[in-house]
Structures are given as structure tokens and as C-alpha cells.
Amino acid sequence: MSLVLVFEQVLNGLQFGIMLFLMAAGLTLIFGVMGLINLAHGSLYMVGAFAAAAVAGATGSFVLALLAALAAAAMAGAIVELAVIRRLYDRDHLDQVLATFALILIFSEGTRWIFGSFPLFLDIPTYLRGPVTLPGGIQYPLYRIALIVIGLIVAAGLGLMIARTRIGIQIRAGENDREMIAALGVDISKLYTLVFALGAALAGFAGALVGAIQSVQVGMGEPVLILAFVVIVVGGIGSIKGALVGSLLVGLTDTLGGVFLPRILNAFMDVSSAANIGSSIASMAIYILMGAVLIWRPTGLFGARL
Amino acid sequence: MNKKILALSTALLAAVGMNMGAAQADTKVGMITTLSGGGAGLGIDVRDGFMLAIKQSGRDDIEVVIEDDQRKPDVAVSLADKMVQSEKVDVLTGIIWSNLAMAVVPSVTAQGKFYLSPNAGPSPLAGKGCHMNYFNVAWQNDNLHEAAGAYSNDAGYKKTFILAPNYPAGKDALTGFKRFHKGEIAGELFTKLGQTDYAAEIAQIRASGADSVFFFLPGGMGIAFLKQYGGSGVDLPVVGPAFSFDQGILQAVGEAALGVVNTSQWNKDLDNETNAAFVKSFQAEYGRLPSLYASQGFDTANLLISALDKADVSDADAFRAALKAADFNSTRGDFKFGDNHHPIQNIYAREVIKEGDVFTNKTLSVALENHSDAYAADCKM
């Protein structure tokens, strides 16, 4: 196996992790600040992708499509928060899971009702198409490099916002003690709507970016949602830094495990069963990672110490 | 007293008799198919093709009950129970996915109902688990992959990289391909079911030194793979079964699919009268081009109608013989059943082209002629 291939796979893992981060960041904020389990986060990812596909189809502009995805997902998030989620903060997690699961069904069938049952077309813009040659002779798709760069910029922006701005202080304070910051005069319900819309916008943005290289179809958000939950459990609930480290860990484990486990097993058995068993173990790899992290640090890598 | 009982039982008998009379006049068909969730496009095409044929036959004595299985085996099983027990259907059809078919078909055929499969063709039902009341009008699952193997021989591919999702139909796909492919296998990969990112797999294809790629990734997985493959700069020729190149999803793949050769038992340009009329009327009725699934639904309904013309469902032996004769005009041209009630048919290689603004397929050649399946010998009926 050549070094080039290893390097390329590491890049793939990074890119996958960065996209997971966009999903997980919103999820962990919403859970950390409001204590809400939002299963409908995957639906907001789907809303972003569909909005992008519709706008790209109508205008032909990818930038407009991304803006539309951000706007549509943020709006959907705000509406959902005002209409449904607001009633759930005081309920226990089971009620939240039930209500947000209902939202998944409503979003899915609503999207089908508007856009039909067949997948939509969304392609990467011509200026990001094709491979580029990296130092060392690695051919790598330009779009994936763009995804890594965009993801890192968003992560840095989010980190700055949490650490340096007034709203960031409020979010951190909200995570620590809800009653106290309400007592100090912060409009907590406005803050909740804002955080929810921000999380939704990030999910929708990820949906649009990823939709361009995957398929834009009903139900596309749920597989990503499961991975995003794994990420926030690994990283520690409520921590943006944890979400970033967790998503990179999960992305790299998933990608590299899928590639190298069958090859390692191939040393002991024939190609067919190595492929078979290797890919089965690889699909478990991230859950094994999650288990190991939880044994070592029961609240996740960057979670609050108990 | 006795007289009263007699009168009562006579009345009862009469009532039962009337009910039976009514049942004889009407044939009730239960369709369980996927109409919501990720795989809904396939079920909708099967349903639309099926209902088009019923409509064109002008018969008002066939009642079709349609239910959505949501692609969930447990839902499909409870729908099947409901249809058999309370709806009292005579014939069942519609299931798209093999895992659902395996959960439903053995039980309904054991209860004496007929099942006509418009899509799923899992190998157990073609071999040891075959049943006299089970007819598959589409294909045995391995068929299109076998044809892809045969095509890659014809195309002169010597070293092929193969990949499929890690689930029973994915394993059947690679087995089917290897059964006919004579060249070397450059690499073999099982991906996760529902996987959406194929960067890692594409990197391995690039590094493997293969001269071609065979993949079976149905639905959204195929869209994602082709778009990412197109942008990766790997330009090896790709071969696959029609499931990633049907009319419903080609538009979502776009340019990345152009020129790809895929195998199918049907295409819209197959030269026969039935097919030409089908494509035209489907377009007029629903405002879109039919997919292979729509053609399978259409053929299933026409097979049913042809059998009903010859025999009543209540006469199970005669009805079964009428189905077996397959005396209907198929959109595929020649169509007949083998001894295991699976099709013996041509499988074609087709190429993705662009007609105006629409991506569609053009038939290239026959990949396998009068092809049956590998499991027929195991079927003792």
C-alpha cells in the first residue's frame, strides 16, 4: 500500500469529519443550552439540501443555493422552535424524543408532498469541479478540499463567537445555569430561538454542501443524525470543541477503518471473507470508539466532569 | 322448531351462496408496496404501471387494494395478514424489497393465495423455497448482475474492481457478476448499506490498477457514488445493473452518468408494439417517462389479466396453469416462465444518453439471451 493512498484516505476522513462537525455543532449546542434531544436535526439537514437544489435549479447559482439553504433551514428551525419545541423544555427526554420524531415524519412527508418522491438534482459548480494535484502527486477532488476549508472556517467562526462575543457568553452561561441567567435579565426564550435557528442553519448548510456530491432525497438526514449523536457523545455534550474533535475522530475512524481493516484481515484469510468480515467490523468501529471513550471518560472527551 | 332451524339454515346458506357469487364476479388484488420514505420512487412506478394496465384493460371486475409498507418488513407482514384475513384478497403483489418479500411471500403462498412479484426476486424463492403459487414477473435478483458480467467479457475488461453494499442482495450481486465474468477481480469491496460517501472506495479503485468498475448501489447510494466518481478524475469505464440508472434517478445523477453501460431486461426503445404503446400511454397518463419498475408493474398486471381471461381465481389449478402459460404481450417482447416460475428472458446492455434535456437509456446489445437463473435446478415443485 502506497503512502499516497494513506494520505488520500486521511484527507477523506478529515473531510467527512468536518461535514459531521457542522451537524454535530448544532446538535450539541441545542442539547447543551436547552437540554433538548432534537431528533429532527436530520430533517433540517434535508430542508437545507432541498432548498439548495430548488434554488440551484431555478437560478443556476451555487452561492445563491447555499444562502437559500442557510435561510430556509434557519427559518424552519425558528418556526419549529416557536411552534413545538418551546413546549418541550420542561418535559422529560422521552416526550422530546416522541415529539421530535413526529417532526421527522412531518418534514419527510411534507417534503415529498412539495418535491415528489424522486431524488433532486444538485451538482457542484463548474469552478469547483474536477481533481487538483496536491504536492506529492495526489489527485484529489477540488470540491472536497473546498469542503474542508469551508468547514474549518465555520468551526473557527463558531469558536470565536462562543469565546468572544456577548451572545457566546450568554450561550455558555445558559449551559451552566439557566435560571440564573434568566434572573440576570437575559431574555432566555429569545436566546433559545436564536440557538435553535443557528443549529438548524448549520445543519441546512451541511445538507446543501454534501447534497452536491450525494443524493438529495427524502430521508437523507437520518443516517447523518445517528453519526452526529455518536460525535456529541464522544466529544462531550454541549462542547463545541468536543464536537470538533469528536467529528474528526469519528470521520477518521470510519474512513480509515473501512479501508484498512479488510486489508489487515486479508493477511489471515482470503479476499472475499476479508472484505466481508472487515467491512462488518468497520461498520462497528465508531461504536467501539464510542464505547472506549465512555469507559475512559464517562462524560465524553470535553464534557463537564462529574 | 325443526322447521325454524331449517328455514334459518336455508337463509344462511343462501346468504353464503350470494357472498360466494359476489366473490366470483370480482377478483380482489392486494398490492403492498413502498409509497413513502427513501425508496418510494420504485413503489410508485410499480403501482402506476400496474394501474395503467388495469385501466387500459377496461375491466371493472378487478379491485385493487393498495397499501404502503414504508419499506419495513414488520409493516409488510401485518398488511399481508390484513389483506388475507379481512380484505380476503385472491392475489397479492407489489413488494419491491427482497427482505420484505422473504417475510411475506412464503406465508401468503402457504395460505393458498397467489403472489406475483413485480420486483424482488430473492434466490431462496427461486431455488429450494420455490412455491407453485409464487410467480416472479421481473427477474431473479442475480440476473442483471450476471448480464453485467457477461457484458464485461464482451467489452474485453480483464481486471474489474467490484463493489456492493453489505447486505444479502449486495452479496448476490457480486456472486452473480463473478459467475459470468471471466477476467480477474482487481478488488472487492462491501460498503455500508445506505452509505453516502464513497471517497475512500474511489481512492482504492484508483490505487488498484483495475481497467473497469462494476458496482451495485441501488437508489441514492448510486447517485452519490456516480457524482463523486465523476468528480474524482478516475476515468475507468463503469458497468452496473439498471437499478442505479433507471428513469427515476438518472435526472438526479446528471452528466456523471453519461455513457455508462448498464444491464436491464427492459428499455423504453425495445422494438415491439406493446412497449411502444406502453411508453406512449404512460407518458400521457403520468407526464414522465416510465422506468423499468413501471414496465414490471405493467407486465404483472397484464399477466394477471391474461390469466383471468382463461380461468377464475377460485379454480386454483386452472388459474395457476393460465399464469404459467404467460400468454400476454410483454413490454419486453418474448417472455416465458421457467419451471421455477421465474422469467426466461433476454437481458440487454444499455447506455446512458441525453435526449434533449432528459437523461435516458439506449439499448446497445443483448448481454444474455433467453437467460434463466442459477437456482432453477434446486426448485422441486
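To find a chain, count down the sequence lines: A is the first, B the second, and so on, and within it residues start at 1.
Under the ring-ring contact (aromatic ring centres under 6.0 Å, His included) criterion, B/Phe298 pairs with B/Phe278, sequence neighbours left out.
For the set A/Thr255, A/Leu11, A/Leu120, the entry with the most heavy-atom pairs within less than 4.5 Å of chain B is A/Leu120. Considering only heavy-atom pairs separated by less than 4.5 Å from chain B, the leading option among A/Gln139, A/Arg129, A/Arg144 is A/Arg144.
Salt bridge A/Asp123/B/Lys227: absent, no basic N to carboxylate O contact under 4.0 Å.
Only the backbone of A/Ala212 has a heavy atom closer than 4.5 Å to any heavy atom of chain B. Heavy-atom distances place no part of B/Val234 under 4.5 Å from chain A, backbone and side chain included. In this structure, chain B has a heavy atom under 4.5 Å from the side chain of A/Glu109, while its backbone stays farther away. Looking at B/Asp197, both its backbone and its side chain come within 4.5 Å of chain A, counting heavy atoms on both sides. Looking at B/Ala207, the atoms closer than 4.5 Å to chain A (heavy atoms on both sides) all sit in the side chain, from C-beta outward. Using a 4.5 Å cut-off between heavy atoms, B/Gln251 touches chain A through its backbone atoms (N, CA, C, O) alone. For chain A, the nearby part of B/Leu35 is the backbone; its heavy atoms alone come within less than 4.5 Å.
For residues 175-196 of chain B, the pairs satisfying ring pair (Phe, Tyr, Trp, His ring centres under 6.0 Å) are B/Phe177-B/His181, B/Phe177-B/Phe214, B/Phe180-B/His371, with sequence neighbours left out.
Scanning all heavy atoms of the two residues, the minimum distance from B/Leu163 to B/Thr191 falls at CD1-CG2, 4.0 Å.
Ring-centre distance between B/Phe215 and B/Phe225: below the 6.0 Å cut-off.
Side chain of B/Gln228 to main chain of B/Tyr198: a donor-acceptor pair is present (N/O by atom type, distance under 3.5 Å, no hydrogens or angles).
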